[in-house]
Enquirer: 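Could you have a look at this structure, given as structure tokens, before my questions?
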Amino acid sequence: MFKRISALLLAGAVTMTMAGCGGGGDGGPGGSADDGKITMGFSQVGAESGWRTANTKSVQGAAAAAGVTLKFSDAQQKQENQIKAIRSYIQQKVDVIAFSPVVESGWDTVLKEAKNASIPVILTDRAVDSADTSLYKTFLGSDFVEEGRKAGTWLTEEFKDSKDPVNIVELQGTTGSAPANDRKAGFAEVIGADPKFKVIASQTGDFTRAKGKEVMEAFLKANPDIDVLYAHNDDMGLGAIEAIEGAGKVPGKDIKIITIDAVKDGMQALADGKISYIVECSPLLGPQLMDLAAKAVKGESIPARVVTEETTFTQEQAKEALPSRQY
């Protein structure tokens, strides 16, 4: 179903791009009417995970298919690099700017510069906390709070008959990022209704496998009685599995593991029984982004929020999905 939707959106993006090239006028800041193409400046968070790599490939592939000239930069998980890239795109007079913010705060100044230059901005995957929502056209991405709720709902159902306390450790994403803030909040909202669920340790793992392993090792040393690990992405969960096995415990049995993303490595660990449950967060945003960009450049009305379609996976569902998994 998702493939069909993506194909339709991509077709729409191509149509919109071509339609925007044929008319008169100045074609926007980047001069798309002159060269027949939309020019997009895109600033990516980095390459910290399998999810992020798949997201980058989706954006690059969709841009090529839609005839969009893509100026791409990797921020290496540093906000200052993204701000520098966005200012460079403004100077280059691109038609549209898209970026996945490293953190939520601190964007107003540069976004005002883009607005003053009449360059529309699209947020992808992650939101910003700017009070002035006119600084960007739309936010395309997942509902991170709902992802956290889904993780919490599975946990409460899994331990509904338990009378004993359930000790949980949490591997958070990058401090200050939208997914870290929201996935924590959604999860806490659900488990908070039952006092037997106790988060005994919570620390950032920066969304990376190496940091996930390192922090989980510390959790295990400080807390010998851990029942559940909630990791804000698959990569941290995969790193934690190495730490759990290194401590002589069995992931998925001695410690239940819940993660978010559903990248192929995570899905394989779920199919193998090492991860217990995965909440999907699709990285394949490229086709939808190109469609929104074409409409924004033409000055068409677009929704302020576009939520991606996603699901959840149990072990058996992972086994079924793996053969055709794209990322």
Side-chain angles (χ1 to χ4, degrees), residues 1-23 25-45 47 51-75 82 85-86 88-90 92-101 111 114 117-128 135-142 281-310 326-327:
M1 181 66 181
F2 186 81
K3 291 180 180 177
R4 193 185 315 147
I5 292 171
S6 296
L8 289 171
L9 287 167
L10 182 54
V14 175
T15 301
M16 288 294 183
T17 302
M18 294 177 68
C21 299
D26 61 12
S32 58
D34 297 328
D35 60 16
K37 288 185 178 182
I38 288 173
T39 298
M40 172 186 287
F42 185 85
S43 177
Q44 182 60 281
V45 171
W51 192 100
R52 190 62 56 187
T53 300
N55 179 242
T56 292
K57 289 180 179 178
S58 177
V59 171
Q60 292 173 331
V68 171
T69 299
L70 187 68
K71 295 181 180 292
F72 182 88
S73 66
D74 181 335
Q82 285 198 309
I86 292 169
S88 173
Y89 296 147
I90 294 169
Q92 294 175 61
K93 299 181 179 180
V94 300
D95 297 297
V96 59
I97 293 170
F99 76 110
S100 181
L111 291 180
S118 299
I119 301 175
V121 173
I122 298 173
L123 307 178
T124 70
D125 171 46
R126 299 181 179 185
V128 298
L135 296 178
Y136 55 91
K137 292 297 183 183
T138 187
F139 165 39
L140 165 66
S142 304
C281 180
S282 176
L284 306 181
L285 307 183
Q288 287 176 285
L289 174 59
M290 297 310 140
D291 178 51
L292 291 168
K295 291 177 179 178
V297 170
K298 288 182 67 179
E300 295 184 8
S301 176
I302 55 178
R305 180 74 170 96
V306 180
V307 180
T308 52
E309 293 190 6
E310 293 153 345
Q326 294 183 54
Y327 56 92

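Each residue takes its place number in the sequence, starting with 1. Given the structure is predicted, the values throughout are model-derived calculations rather than measurements.
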Enquirer: Please give me the minimum heavy-atom distance between T39 and V94, naming the atom from each residue.
Expert: O-CB, 3.7 Å
Enquirer: Looking at residues at least two apart in the chain, or sitting in another chain, which of them share a side chain to side chain donor-acceptor pair (under 3.5 Å) with Q82?
Expert: S43
Enquirer: Distance check, rounded to the nearest 0.5 Å: L123 atom CG versus T138 atom OG1?
Expert: 8.0 Å
Enquirer: Could you grab the distance from atom CG of L284 to atom OH of Y327, nearest 0.5 Å is fine?
Expert: 5.5 Å
Enquirer: Please find the pair of heavy atoms, one from V121 and one from A114, that lie closest to each other, and give the distance.
Expert: CG2-CB, 3.8 Å
Enquirer: Nearest 0.5 Å, what's the NZ-CD1 distance between K295 and I302?
Expert: 8.0 Å
Enquirer: In chain order, what residues pass the side chain to side chain contact (heavy atoms under 4.5 Å, CB included) check against A98, with sequence neighbours excluded?
Expert: M40, F42, I122, T124, L289
Enquirer: With side chains defined as the heavy atoms from C-beta onward, is the minimum distance between E310 and C281 less than 4.5 Å?
Expert: yes
Enquirer: Under a 3.5 Å threshold, yes or no: a donor from one side chain and an acceptor from the other, between T308 and Q288?
Expert: no
Enquirer: Within the 4.5 Å heavy-atom criterion, are R126 and V45 side-chain neighbours or not?
Expert: yes
Enquirer: Side-chain contact, heavy-atom cut-off 4.5 Å: I90 with I97?
Expert: yes
Enquirer: Extract all donor-acceptor atom pairs below 3.5 Å that involve side chains of residues 56-64 and protein atoms in other chains or at least two apart in sequence.
Expert:
from, atom 1, to, atom 2, distance (Å)
T56, OG1, Q44, NE2, 3.0
T56, OG1, R52, O, 3.2
S58, OG, L285, N, 3.4
S58, OG, G286, N, 2.9

Enquirer: Could you tell me if the side chain of Y89 sits less than 4.5 Å from the side chain of I119, heavy atoms only?
Expert: no
